[in-house]
Colleague: 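This structure is in structure tokens; I'll ask about it shortly.
Order of listing sets the numbers, starting from 1, for every ligand and every atom in it.
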Amino acid sequence: MMIFKRVADMQSWLTKQGRPVGFAPTMGALHEGHLELVRMSKADGCLTVASIFVNPTQFNDPKDLEKYPRMPEKDAQLLDSAGCDVLFLPSVEEVYPPGVDLTVHLDFGSLDKVMEGEFRPGHFRGMATVVNRLLDIVKPQKLYMGQKDYQQLSIVRDMIRQLALPTELIMCPTVREADGLAMSSRNLRLSAEMRETAPVIYQTLLWAGGELKKGRSAPEISREAVDILTEAGLKPEYFEMADGTTLLPAEHYSDSTPIVACVAAFAGDVRLIDNVIVK
Ligand code: AMP
């Protein structure tokens, strides 16, 4: 696997290969979920680039940025063994050249206002900015992102549409631990007790999906879901049954297709998100 820290070095190497590129952007502390993106890209026959960049502009909480796990050597080994062709490991200055404003100022309608948008002000502008910048650097034919971050993926899809970028977005299903907890770099920071409790998030999402299918109203189910999570010892920020296209709240199973149940909850001081596609 090639490792590049400089944009110019990677670009000149990629141009010489003359092959379609598949790209999986990450923030590192890699797990099977990230590696699945790499494997999907390889299976599609792409020259596969993964990036590791803990993007400061998408952290609304400076403590979260500071505590974000960093282990580039171990990550490089994992990527190499998953068959990744290139690791891009840029510095902040390489991604954001001083004095250049690369901020994305698109109107995402409801997509960046609800759920994560409400609780993490500025997060999605930072995310869209870094993804746009990385796409401009890597110029992939295919971009692989996880369903785990459904709202993020919806915004990136809309950005690709609005900017008419020549990139196809491919969604990778959420990879989970054996007990159902969605894999996340943040799981490393869970206390033993919270690691035991956290699978209730997925169980509650499945339960909520079942209730919606039975014909119950979404707001009622969401309120109950918040109670279930709270009683389990978590601190939910939201539980929402959303229209999978607009991300606005859905009321009933028949309302829209797809419908996605989405949740964010604190497990101790670790903020976890998850979702399931109900319909
Ligand atoms: P992150 O490093 O958390 O920014 O995630 C990088 C990419 O990996 C994003 O496209 C995520 O949606 C995806 N990802 C993270 N966790 C998982 C998971 N458990 N299953 C599938 N994809 C994931």
Side-chain angles (χ1 to χ4, degrees), residues 22-43 46 48-61 64-65 67-72 74-76 78-79 82 84 87-90 95 111 115-116 120 123-135 138 140 142-160 167-190 195 198-199 201-202 205 244 247 260 262-264 267 270-277:
F23 179 41
T26 84
M27 298 207 297
L30 301 182
H31 49 65
E32 279 299 311
H34 297 114
L35 300 182
E36 200 53 32
L37 306 178
V38 169
R39 292 192 193 108
M40 281 179 84
S41 168
K42 292 296 289 183
C46 293
T48 300
V49 179
S51 62
I52 297 178
F53 179 63
V54 184
N55 175 35
T57 68
Q58 73 186 70
F59 283 82
N60 50 315
D61 176 358
D64 195 22
L65 171 62
K67 286 193 211 151
Y68 204 84
R70 289 168 171 92
M71 48 193 79
K74 185 177 170 219
D75 287 347
L78 288 171
L79 288 171
C84 187
L87 166 57
F88 182 45
L89 203 60
V95 176
L111 295 181
M115 299 191 286
E116 293 298 287
R120 300 187 70 189
H123 165 68
F124 283 129
R125 174 160 292 174
M127 183 283 295
T129 297
V130 80
V131 172
N132 187 42
R133 170 71 175 136
L134 290 170
L135 289 177
V138 179
K142 294 188 177 180
L143 171 65
Y144 295 83
M145 299 186 83
Q147 182 202 322
K148 157 85 170 24
D149 300 277
Y150 190 93
Q151 191 170 6
Q152 164 173 289
L153 194 132
S154 305
I155 291 166
V156 170
R157 185 187 292 120
D158 197 48
M159 179 173 75
I160 289 174
T167 300
E168 182 189 352
L169 176 61
I170 293 164
M171 178 166 89
C172 174
T174 303
V175 179
R176 299 181 180 280
E177 301 288 354
D179 59 12
L181 176 65
M183 289 194 181
S184 164
S185 309
R186 290 189 164 87
N187 294 352
L188 293 170
R189 291 182 38 225
L190 291 171
R195 175 62 191 81
I201 295 174
Y202 181 53
L205 285 167
L247 303 186
V260 190
C262 302
V263 60
V270 183
R271 189 174 185 278
L272 300 175
I273 60 168
D274 198 357
N275 67 80
V276 299
I277 299 174

Colleague: Where is the tightest heavy-atom contact between V38 and A82, given as atom of each residue plus distance?
Modeller: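 For V38 versus A82, the nearest heavy atoms are CG1-O, 3.9 Å.
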Colleague: For V260 and G244, work out which heavy atoms get closest and say how close.
Modeller: CG2-CA, 3.7 Å
Colleague: Just wondering, are more than 12 heavy atoms of other shown residues or ligands nearer than 6.0 Å to NZ in K74?
Modeller: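 12 or below, so no.
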Colleague: State the CG-OG1 distance between D149 and T174, to the nearest 0.5 angstrom.
Modeller: 8.0 Å
Colleague: Using 4.0 Å as the upper bound for N to carboxylate O, is an ion pair formed by D179 and R195?
Modeller: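 Yes, charged N to carboxylate O under 4.0 Å.
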Colleague: F53: which residues meet the ring pair (Phe, Tyr, Trp, His ring centres under 6.0 Å) condition with it, sequence neighbours left out?
Modeller: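 Testing F53 for ring pair (Phe, Tyr, Trp, His ring centres under 6.0 Å), a comparison that skips the adjacent residues, returns none.
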Colleague: Tell me the residues surrounding ligand 1, counting only those with a heavy atom closer than 4.0 angstrom, sorted by chain and number.
Modeller: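 For ligand 1, the contacting residues are P25, T26, M27, H31, G33, H34, L37, Y68, M145, G146, K148, D149, Q152, P173, T174, V175, M183.
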